[in-house]
There are 2 protein chains.
Amino acid sequence: MKKVKGDTQIIAPFQSHKHDHEQCVADALAAAEICCKKEGLSFTPLRRLVLELVWSSHGPIGAYDILEKLRDSRRNAAPPTVYRALDFLMEHRLIHRIESLNAYVGCGDPERHHGGQFLICRDCHAVAELDDKAIGRAVSRRADALGFDVQQQTVEVIGLCAECTAETSNG
Amino acid sequence: MKKVKGDTQIIAPFQSHKHDHEQCVADALAAAEICCKKEGLSFTPLRRLVLELVWSSHGPIGAYDILEKLRDSRRNAAPPTVYRALDFLMEHRLIHRIESLNAYVGCGDPERHHGGQFLICRDCHAVAELDDKAIGRAVSRRADALGFDVQQQTVEVIGLCAECTAETSNG
DNA sequence: ATTCCTAGTGTTATAACATATCATATATTC
DNA sequence: GAATATATGATATGTTATAACACTAGGAAT
């Protein structure tokens with residue numbers, strides 16, 4: 001998986017349905033290692049494992065789905081086991097929470113600070129992560145006009161990704 | 001309460017902390033009556049009551065908070081009692097769901113079709129409802145560029161409303 | 001009037017998502 | 001190695017939402 005950085009405002013694009021996902025996972029774990037080392041955080045085996053499970057696909061995954069998978073290797077994992085790991089990962093921006101689905105998704109670029117803008121495919125459940133300045137600006141402009149002090153934005157767009165649209169119309 | 005319509009993109013503004021809220025409720029109920037009559041929907045006492053409870057403030061209210069209040073007059077109300085009414089009200093756009101809070105808020109203008117854009121005050125919990133074309137366009141533009149077919153937008157902005165900001169800085 | 005149908009609601013149970021609390025273990029620092 | 005802080009284990013509970021089936025009232029068809 002190759003990431004395009006710089007001034008693009010796409011943090012993580014939709015991946016082809018047949019991309020090499022193991023590489024995505026490996027990249028994400030490597031990025032997390034670096035990120036934690038840099039900030040002196042303890043990236044424990046449990047946290048690493050939970051992050052890996054969140055990355056099991058590009059789609060959002062629920063805490064209890066994570067729990068179930070987690071139990072393959074940790075028989076007595078309980079909800080707090082998962083939620084504590086998720087809290088850690090969220091706090092350090094390694095994952096995001098999709099509010100409209102009560103689910104979690106890996107962050108496409110933990111090094112870069114950004115707000116939550118997501119395109120979510122209803123069909124394949126993949127998520128693309130954005131940091132679109134135009135969207136942010138449009139929100140800020142309106143908020144400013146109303147004297148509203150923005151602290152946090154949630155933008156979650158449901159629809160059909162290009163690949164699923166193509167597959168649907170082809171047959 | 002007076003509503004400004006036309007080309008403004010503010011569906012429901014923040015209300016002064018000391019506005020005449022009974023009028024808001026009365027207006028909302030009247031609008032709902034009209035809306036249901038026009039579409040041949042049965043606006044039953046239960047649904048009316050639940051809508052009234054949702055409108056008990058301009059802030060989002062949780063289903064179980066509604067349930068508790070509902071029980072003042074309907075002793076054996078149960079979760080489905082509330083959720084079915086909420087489903088009806090949502091389906092006919094009389095209320096909106098705030099995803100990031102798992103809560104519900106009255107719709108400021110049921111006659112007008114619009115997507116969900118909300119400014120939510122962390123302090124007084126009031127919600128302003130928008131239909132800002134610039135925000136919608138910014139989202140569409142980026143989505144189009146990615147071949148993403150938008151079906152539904154959720155924009156929820158947390159922060160501090162003007163009045164609360166003023167009160168905070170004044171002491 | 002009887003039957004049938006439907007929309008709405010009642011009732012019970014359970015699913016799905018999340019946190020509180022206290023105990024235990026492991027790492028770090030001195 | 002004792003003291004402290006951090007991480008995890010374990011149990012219980014809180015919060016949000018739906019499934020499934022029963023009952024009722026009111027209109028339509030005969």
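We use all heavy atoms of the structure for the numbers below, so side chains are in, but hydrogens, waters and symmetry mates are not. Throughout, a chain's letter reflects where its sequence line sits, starting with A, and its residues are numbered from 1.
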Per-nt protein contacts along nucleotides 25-30 of chain C (heavy atom under 4.0 Å; B base, S backbone sugar-phosphate only, - none) come out as ------

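- In terms of the side-chain contact (heavy atoms from CB on, under 4.5 Å) criterion, residue partners of B:Arg71 (sequence neighbours excluded) are, by chain and number, B:Leu67, B:Ala77.
- Listed by chain and number, the residues in a ring pair (Phe, Tyr, Trp, His ring centres under 6.0 Å) with B:His125 amount to none (sequence neighbours excluded).
- Among residues at least two apart or in separate chains, there is no ring-ring contact (aromatic ring centres under 6.0 Å, His included) pair with a member in residues 30-53 of chain B.
- The side chain of B:Tyr83 places no N or O atom within less than 4.0 Å of a non-bridging phosphate oxygen (OP1 or OP2) of D:dT18.
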Give me, pair by pair, the N or O atoms of the protein and of nucleotides 20-28 of chain D that are less than 3.5 Å apart, along with how far apart they are.
none

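- DNA chain C lies under 4.0 Å from at least one heavy atom of each of the following residues of residues 87-106 of chain A: A:Arg97, A:Asn102, A:Tyr104.
- For DNA chain C, the residues of residues 63-76 of chain B within the heavy-atom distance limit of 4.0 Å (strictly under) are B:Arg74, B:Asn76, sorted by number.
- Ion pairing between A:Asp109 and A:Arg112 holds under the 4.0 Å rule for side-chain N and carboxylate O.
- Connectivity analysis of hydrophobic side chains (ILVMFWY, heavy atoms under 4.5 Å, direct or indirect) links A:Ile158 to A:Ile98, A:Leu101, A:Val105, A:Phe118, A:Ile120, A:Val127.
- A side chain to side chain donor-acceptor pair (under 3.5 Å) check over residues 86-101 of chain B, counting only residues at least two apart or in different chains, returns the pairs B:His96-B:His114, B:His96-B:Glu129, B:Arg97-B:Glu99, B:Arg97-B:Asn102, B:Arg97-B:Tyr104, B:Ser100-B:Glu156.
- Screening residues 20-39 of chain B for ring-ring contact (aromatic ring centres under 6.0 Å, His included) gives B:His19-B:His21, B:His21-B:His58 as the qualifying pairs, with residues at least two apart or on separate chains.
- The nucleotide whose nearest atom lies closest to any side-chain atom of A:Arg47 is, among C:dT12, C:dG10, D:dA7, D:dA7.
- Against DNA chain D, the stretch residues 39-46 of chain B makes no heavy-atom approach under 4.0 Å.
- Taking the C1' atoms of five terminal pairs at each end of the helix from C:dA1-D:dT30 to C:dC30-D:dG1, the two resulting helix axes are inclined by 20°, rounded to 10°.
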